[in-house]
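These notes concern the structure reproduced below.
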Amino acid sequence: PCARLDALPVGSARAQDVGKRVKSSKRKFSWEFCFGPSGPVHRVELTVSIFSGKRVVVVDGNEVFNMSTMRPDFLHVVYLGSHVVRVESDGDGFSLAVDSVLFDELRPRADLSPDEARRLEAEAIETAHRVVAAETTRPPNDDLLLTL
């Protein structure tokens with residue numbers, strides 16, 4: 001898979017029991033990361049009710065998914081700009097991947113030297129410019145048809 005180097009975890013992945021009456025009846029999983037060393041922090045949260053099967057995904061404070069199901073498997077994809085963020089069931093828990101790279105495999109932002117931060121920031125800006133250029137490129141002329 002193509003791994004993006006500009007996604008950096010800001011905090012660690014967290015899982016906590018948040019049920020009102022029975023704490024363990026509802027679990028909240030959360031991840032914080034940014035794109036580029038100085039990019040804004042994004043927060044993805046998944047809340048799962050053990051009894052009802054309800055699953056709610058919140059990205060940067062906005063609910064983007066809300067569904068009840070008793071199926072054990074789960075997958076939800078969110079697009080943040082040109083990045084793909086995937087939340088999915090993973091054994092007894094859930095995992096998050098950014099551009100096909102698991103959260104636990106991303107390099108923490110705090111581990112970057114100032115020189116590395118500037119280099120990664122420049123690469124992130126260059127990538128953003130390429131994505132915008134690709135989106136504005138016209139499709140090929142329909143007059144050219146391939147005949148077999």
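In what follows, every heavy atom counts, from backbone to side chain, and hydrogens, waters and symmetry copies are set aside. Note that the structure is predicted; figures quoted are calculated from it, not measured.
- Under the salt bridge (charged side-chain N to carboxylate O under 4.0 Å, His left out) criterion, Asp90 pairs with no residue at all, not counting sequence neighbours.
- No single ILVMFWY cluster, assembled from side-chain heavy atoms under 4.5 Å apart, contains both Val18 and Leu46.
- A search for side-chain hydrogen bond (donor to acceptor under 3.5 Å, both in side chains) contacts involving Asn66 returns Glu63, not counting sequence neighbours.
- Under the side-chain hydrogen bond (donor to acceptor under 3.5 Å, both in side chains) criterion, Thr69 pairs with no residue at all, not counting sequence neighbours.
- Tracing side-chain contacts under 4.5 Å through hydrophobic residues (I, L, V, M, F, W, Y), one never reaches Val85 starting from Leu102; they form parts of separate clusters.
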Validation: residues 72-81 side-chain donor-acceptor distances under 3.5 Å, sequence neighbours left out:
| unit_1 | atom_1 | unit_2 | atom_2 | d |
| --- | --- | --- | --- | --- |
| Asp73 | OD1 | Arg71 | NE | 3.1 |
| Asp73 | OD1 | Arg71 | NH2 | 3.3 |
| Asp73 | OD2 | Arg71 | NH2 | 2.8 |

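- Listed here is the closest heavy atom pair of Ser25 and Phe51: CB-CE1, 3.3 Å.
- Taking both residues in full, the closest heavy atoms of Ser24 and Asp17 are given as CA-CG, 3.9 Å, listed atom of the first, atom of the second, then distance.
- Taking Ser89 as the reference, nothing meets the side-chain hydrogen bond (donor to acceptor under 3.5 Å, both in side chains) condition, with sequence neighbours excluded.
- Rounded to the nearest 0.5 angstrom, Glu45 CD and Glu32 CD are separated by 8.5 Å.
- Proximity of Thr47 to Lys26: side-chain heavy atoms (C-beta onward) are separated by under 4.5 Å at one or more points.
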* To do: Would you sort out whether Asp60 and Arg43 count as a salt bridge (charged side-chain N to carboxylate O under 4.0 Å, His left out), showing the intermediate values?
  => CA-CA 5 Å; Asp60 295 335; Arg43 182 176 180 86; over 6 Å; no
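- Residues Val44 and Val84 are members of separate hydrophobic clusters, defined by side-chain heavy-atom contacts under 4.5 angstrom among Ile, Leu, Val, Met, Phe, Trp and Tyr.
- Scored by the salt bridge (charged side-chain N to carboxylate O under 4.0 Å, His left out) test, Glu88 finds Arg86 as partners (sequence neighbours excluded).
- The nearest pair of heavy atoms linking Ser68 to Ser52 is CB-O, 4.0 Å.
- Considering only residues two or more places apart in sequence or on other chains, Asp92 meets the salt bridge (charged side-chain N to carboxylate O under 4.0 Å, His left out) condition with none of them.
- Scanning for side chain to side chain contact (heavy atoms under 4.5 Å, CB included) contacts around Ile50 gives an empty result, with sequence neighbours left out.
- For the pair Phe33 and Val98, the minimum side-chain heavy-atom distance is below 4.5 Å.
- Residues passing the side-chain hydrogen bond (donor to acceptor under 3.5 Å, both in side chains) test with Glu105, sequence neighbours excluded: none.
- Summarising the hydrophobic clusters (Ile, Leu, Val, Met, Phe, Trp, Tyr; side-chain heavy atoms under 4.5 Å, direct or chained), the residues clustered with Val56 are Val58.
- Partners of Arg55 according to the salt bridge (charged side-chain N to carboxylate O under 4.0 Å, His left out) rule, which considers only residues two or more places apart in sequence or in another chain, do not exist here.
- Using a 4.5 Å heavy-atom cutoff, the side chains of Leu96 and Phe29 are not in contact.
- Its side chain outside the 4.5 Å cluster rule for every partner, Val22 clusters with none of the Ile, Leu, Val, Met, Phe, Trp and Tyr residues.
- Of the possible polar contacts, none joining the Asp99 side chain to the His83 backbone as a donor-acceptor pair under 3.5 Å is found.
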